[in-house]
Enquirer: 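Let me begin by handing over the structure; questions about it come next.
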Amino acid sequence: RKGKTPEEVVKKYLQKVKSPPEEDCTICMEPLGGPSGYKGPGVGPVSKAESVGQLAQCGHQYHFQCLVAMYNNGNKDGSLQCPTCKTIYGVKTGNQPAGKMEYHVIPHSLPGHPDCKTIRIIYNIPPGIQGPEHPNPGKPFTARGFPRHCYLPDSEKGRKVLRLLLVAWDRRLIFSVGTSSTTGESDTVIWNEVHHKTEFGSNLTGHGFPDPGHLDNVLEELRVQGITEEDAVVE
Ligand code: APR
Ligand code: ZN
């Protein structure tokens, strides 16, 4: 954890706004010309001059205090994501619990990828106790269906997706702790926002092959998490 306060983190990504537009802050739905609608613990007064800021890259404007409140509600990793367009400032990380990611090539072809072998990824996460970054700190979480096996074609694009998934794993973005939409169980390990194929030769769940758009979809989902080819350092 870096030594910066939430206010310092938010300020780093903001530019000054001379006069706020006659629009509402989309975090609190109150006018940008007035005070932040966020009344929470630790919200002190801010001077009029710095009450509204513009995110440096995308230009979206919010109350300074609304951005600080949003940052405080997240995992406080030094990064910020624009709630409007999802532009990421800094390096986004998630709250995936400790575990293991392994992969190897298996000598079989996936439906739709007859000309190459297959990469099998094996994720293993044991159950544990939730940390401060999870929905119910101190409470146990379950981990169902592990080890989870996932498949990618061992093609150039499939290997690129693998490299970016390894980055996503290091940034704790592949899994999360929450409520499973499949089973309804709460306080359990669930897939995060990056889709995986967990069926090899069939497609009974919809998470199998063939699926011609799959690799491009995953690359887009990774981009939304802030992970692109530039992040995949070749060792
Ligand atoms: N394989 C791959 N992805 C899945 C699967 C699956 N069998 N089931 C759901 N997903 C995707 C969903 O499309 C959604 O985008 O994961 C995301 C989160 O769904 P949840 O149901 O909340 O996730 P989770 O509980 O982790 O997954 C349910 O997936 O791998 C299996 O063993 C696992 O049976 C469990 C199922
Ligand atoms: Zn606001």
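Just follow the structure's listing: the first ligand is 1, and inside any ligand the first atom is 1.
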Enquirer: Could you tell me the residue and atom name of the protein heavy atom closest to atom 25 (O) of ligand 1, and the distance to it rounded to 0.1 Å?
Expert: S180 OG, 2.6 Å
Enquirer: Distance to 0.1 Å, residue and atom name: give those for the protein heavy atom nearest to atom 27 (O) of ligand 1.
Expert: W191 CD1, 3.5 Å
Enquirer: Nearest 0.5 Å, what's the NZ-CG distance between K160 and L165?
Expert: 12.0 Å
Enquirer: I'd like to know if E102 pairs up with K100 as an ion pair, taking the criterion as any Lys NZ or Arg NE/NH1/NH2 lying under 4.0 Å from an Asp or Glu carboxylate oxygen.
Expert: yes
Enquirer: Go through ligand 1 atom by atom and flag the ones less than 4.0 Å from a non-hydrogen atom of T198.
Expert: 1 (N), 2 (C), 6 (C), 7 (N)
Enquirer: Using ring centroids (six-membered ring only for Trp), state whether F146 and F175 fall under 6.0 Å.
Expert: yes
Enquirer: Show me which atoms of ligand 1 lie under 4.0 Å from any heavy atom of G145.
Expert: 32 (O)
Enquirer: Can you tell me the protein heavy atom closest to atom 28 (C) of ligand 1 and the distance?
Expert: T182 OG1, 3.5 Å
Enquirer: Between CD1 of I106 and CD1 of I119, what distance do you get to the nearest 0.5 Å?
Expert: 10.0 Å
Enquirer: Which ligand 1 atoms are under 4.0 Å away from a heavy-atom of S181?
Expert: 19 (O), 20 (P), 21 (O), 22 (O)
Enquirer: Quick one: pull up CZ in R144 and CD1 in I125 and give me the separation to the nearest 0.5 Å.
Expert: 14.0 Å
Enquirer: Are K157 and D216 within salt-bridge range, i.e. N to O under 4.0 Å?
Expert: yes
Enquirer: Heavy-atom distance under 4.5 Å between the side chains of Y103 and R120, does that happen here?
Expert: no
Enquirer: With ring-ring contact (aromatic ring centres under 6.0 Å, His included) as the test, pick out the partner of H196 among Y123, Y151, F209.
Expert: Y123
Enquirer: Can you figure out which of R148, R144, E193 has its heavy atom closest to atom 26 (O) of ligand 1?
Expert: R148
Enquirer: Counting only heavy atoms on the protein side, is anything nearer than 4.0 Å to atom 34 (O) of ligand 1?
Expert: no
Enquirer: Classify the contact between I190 and ligand 1 as side chain, backbone, both or neither, using a heavy-atom distance cut-off of under 4.0 Å.
Expert: both
Enquirer: Regarding atom 15 (O) of ligand 1: of the candidates H196, E221, H195, H207, which has the closest heavy atom?
Expert: H195
Enquirer: Does any N or O atom in T183 lie less than 3.5 angstrom from one in ligand 1, N or O only?
Expert: no
